[in-house]
Amino acid sequence: MQVLKFGGTSVGSSKNINRVITILENYATKDKVICVVSAVGGITDKLLKAGRLAQKKDEDYLSEYKTIKSIHLKLLLDLVPSKNKTISKTIEDKLKQLKELLDGIYLINELSPQTSDKLLSFGELLSSFIITEALKYKGVNAKRKNTQDLIVTNSNFTKAEVDFETTNLKIRDYFNESDYSITIVPGFISKSSKGEITTLGRGGSDYTAAIIAAALNVTQLEIWTDVSGMYTANPKLVKHAFPIERISYQEAMELSHFGAKVLYPPTVQPVLDLNIPIHIKNTLKPEAAGTIISNENNNKTNIATGITNINDIALLTLQGNGMVGVPGFSKRLFEVLAQEKINIILITQASSEHSICFGILQSDASAAETAINTVFEHEISIHKIDPIIVELNLSIIALIGDSMKNHQSISGKMFSTLGKNNINIRAIAQGASERNISAVIAEKDVEKALNTIHERFFEDNNKQLNVFITGIGNVGEKLIDQIEQQHEFLKKNLKLDVRIIGLANSRKMVFNAKGIDLKNWAAQFHHADKSTLEGFFEKATQLNLRNSIFVDVTANEAVSKMYAGYLKNSIAVVACSKIACSSDYKNYKHLKDLSLKYNTPFLYETNVGAGLPIINTLNNLVASGDKVTSIQAVLSGSLNFIFNNFNDHTNFHDTVKRAQFEGYTEPDPRIDLSGIDVARKMLILARENGGTMDIDAIENESFLTKANLESGSVDDFYKTLKKDEAHFQALYANAKAKDCQLKYVAEFKNGKAKVGLQEIPNNHPFSNLEGKDNIVMFYTQRYPEQPLIVKGAGAGADVTASGLFADIIRIGNN
Ligand code: ADP
Ligand code: ASP
Ligand code: MG
């Protein structure tokens, strides 16, 4: 004998029922088949909804009933098109009984647990009838047997307990006699020893199948559903979850108890005692291997087996000084909860005994609150303990696996992963079996928590980075191109999956939580929403994706003011704008502190020398205990370009114009020529070296004339350059006379920094700087005479984008 169970989706449409029939016909060629079926997908919920509406005197129950009726009539018509009168009459009678029951509930506005069971039983009664008729219509030797004649329970309505002795006898008697090749039985429903209709609890068809499989001691129980087995996590929430090939009964029980809906928790017990394996299979993909639950060959390579979640949890805390060292508090607490039939899902108690904290279903919270406050009324009135504290909208997530007990630091790994993603843990419980580590978190964080833990424990360390870019000028575009180009390489070689989730410029913004298609991002951008800085921030935080990174590719002060908010939400910040780091010291320090406090990177390598590893080198020197004694640098690509091309054959005005035309200067060239840009870079280096100074501490003696400096607009500025050509030629001639070149140099020594134009001898390392090159020489205790030199192109969209990209990758490797 073979026992197969098909769930709601498997029998949810005529197409799927035909798949079921094909599977059954195939099995029937080998041995007799007992097939347990659920109600048609969604019908149990609809029945319950109709009942509740009727109870509330809401006439919408009639439209709910109509939907239920038409779904079943349509299925029958599709599957048994012969319009056989007896069949039609049977189903219409059944539907009529259902209608009468609903009308009755409406009339007396009462929906007791007993009536609710009666109401819900219609789902499985109808589905099993239709499927049997569909089989018979195809000429299969099939029969329906109502499980209410076989499964006997107590009168614990909505979740009745089975009287196994009587039930097993009835099942054996019936099936040993029956010679139908396929018997269809409704799952979930049963009868009490007094003859009342009962049910086995929501999701209980799995249990029905296990009861029959155990009573007949079959070799295997098959549960056919809409996914290819028990997954490492709910596949609807975790895209990278995958089916577990083999799993122990104990693990399957833990997973299902802690939310893996694919198996109704009590299902395991009857078959476990007899060592009957459960095979979970996919009706929509019968060729998939599925999951085998048994106690054999469960050698797994993963330490953890799966991760689950239960939503709608309330956390209750009983606390007070009067509890310390006084026995009996927990007894009274749990006794009153038991009296109220409230199930406790998780408990923790600090060893100080000052508080007990436990998780229950949110729907039980208000009953629990009243009952507990009543029981401890006296202690509360004399302030020995506080009234019970109730927190709502929480979830439990649980990491489960038999092998976890043999490994250290699993909980450390789990909680640090949550911490890094700014997921606050409200309570923790680990069973002594060490098969389960549970944490209570906010419900809004569940998806992120499951995905990030899944990534850490199950995904071969593949790490997803979710990038939000603001500013899509030259550099932004190059960055997008580079990310697209390197995507596969990074995945393969660094196990980083870099995805761009949000893109914005000052006008528009687009998002795609699954990653924007980078091949045609510009087209998507075309139809994008209007952008605001707050809107972009809100969306990034609300998406709540793990390893989120905000990238600022603007030169906009308002954007830099958003960094603190991102860091506080554990969203890393990568900035090419140097506004934040060169703003007042208090602000710079605040951002650095937030980065430390929230364990969230704030990186800005491109602030100095574009893609050159200048800040990173300095950070490494400092971190490794070296002392930087002085820094000498040429940090302006634009000034370098200008002084490389300015001589007695050219003129200063045209050279500056050309630099601007080639994109080496800021839109306002005065920012470069006044030295302010170099001063800001120097300030950032000084701060990275431990300095606490502000910009006015950087000495800046300008080589420009008073007229240049006081010019009103950019155009005016160019006019003054033309007028003052003689001044610039004199600077050039003086240097040439000494065999020197003009270089704009930044210096840091003895805690003091200055920037300015210098005459550099022809044999100096600065002298042979080409085009837009930057150079930085670090003199340190470990590099006292020959400095550590970083040199290369210090401006340009490509290298700036690659510097930003390097920061993003650094965060990924962290
Ligand atoms: P059926 O109607 O066949 O009994 P259920 O809806 O009760 O199906 O259970 C299957 C569903 O369980 C899946 O569609 C999936 O959404 C959910 N689920 C939750 N956790 C898991 C998990 N770890 N593995 C597989 N499915 C899971
Ligand atoms: N139809 C019932 C429910 O939805 C039982 C089941 O499908 O297992 O809960
Ligand atoms: Mg189910």
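Electrostatic pairing of Glu710 and Lys706 counts as a salt bridge here, judged by a charged N lying under 4.0 Å from a carboxylate O. Using a 4.0 Å cut-off between a side-chain N of Lys or Arg and a carboxylate O of Asp or Glu, Lys519 and Glu484 qualify as a salt bridge. Using a cutoff of 4.0 Å between basic side-chain nitrogens and carboxylate oxygens, Asp481 and Lys478 are not scored as salt-bridged. Between Lys239 and Glu447 there is no salt bridge, since no side-chain N of the basic residue sits under 4.0 Å from a carboxylate O of the acidic one.
Side-chain contact annotation: Asp584 with Asn587, donor-acceptor N/O pair under 3.5 Å absent. Checking Asn644 against Glu770 by side-chain atom types alone, no donor-acceptor pair falls below 3.5 Å. Using modelled atom types and a 3.5 Å distance limit, the side chains of Asp445 and Asn544 yield a donor-acceptor pair. Side-chain atoms of Asn708 and Thr705 include a donor-acceptor pair closer than 3.5 Å. Side-chain N/O atoms of Thr650 and Arg658 include no donor and acceptor closer than 3.5 Å. No hydrogens or angles considered: nothing links the side chains of Asn569 and Thr541 as a donor-acceptor pair under 3.5 Å.
Proximity of Arg499 to Gln464: side-chain heavy atoms (C-beta onward) are separated by under 4.5 Å at one or more points.
Residue Tyr566 forms a ring-ring contact (aromatic ring centres under 6.0 Å, His included) with just one option from Tyr598, Phe550, Phe468, Phe602, and that option is Phe550. Here the rule is side-chain hydrogen bond (donor to acceptor under 3.5 Å, both in side chains) with Glu455, and of Lys463, Arg546, His240 only Arg546 fits it.
Among residues at least two apart or in separate chains, ring-ring contact (aromatic ring centres under 6.0 Å, His included) pairs with a member in residues 499-523 are Phe511-Phe536. Pairs engaging residues 723-745 under the salt bridge (Lys or Arg N to Asp or Glu O under 4.0 Å) rule: Asp648-Lys736, Lys738-Glu759 [sequence neighbours left out]. Residue pairs meeting the side-chain hydrogen bond (donor to acceptor under 3.5 Å, both in side chains) criterion with at least one partner in residues 523-538, sequence neighbours excluded, are Asn520-Gln524.
Figure legend: cation-pi geometry between Lys508 and Phe525 absent, as NZ or CZ is not positioned both under 6.0 Å from the six-membered ring centre and within 45° of its axis.
Centroid-to-centroid, the aromatic rings of Phe703 and Phe643 come within less than 6.0 Å.
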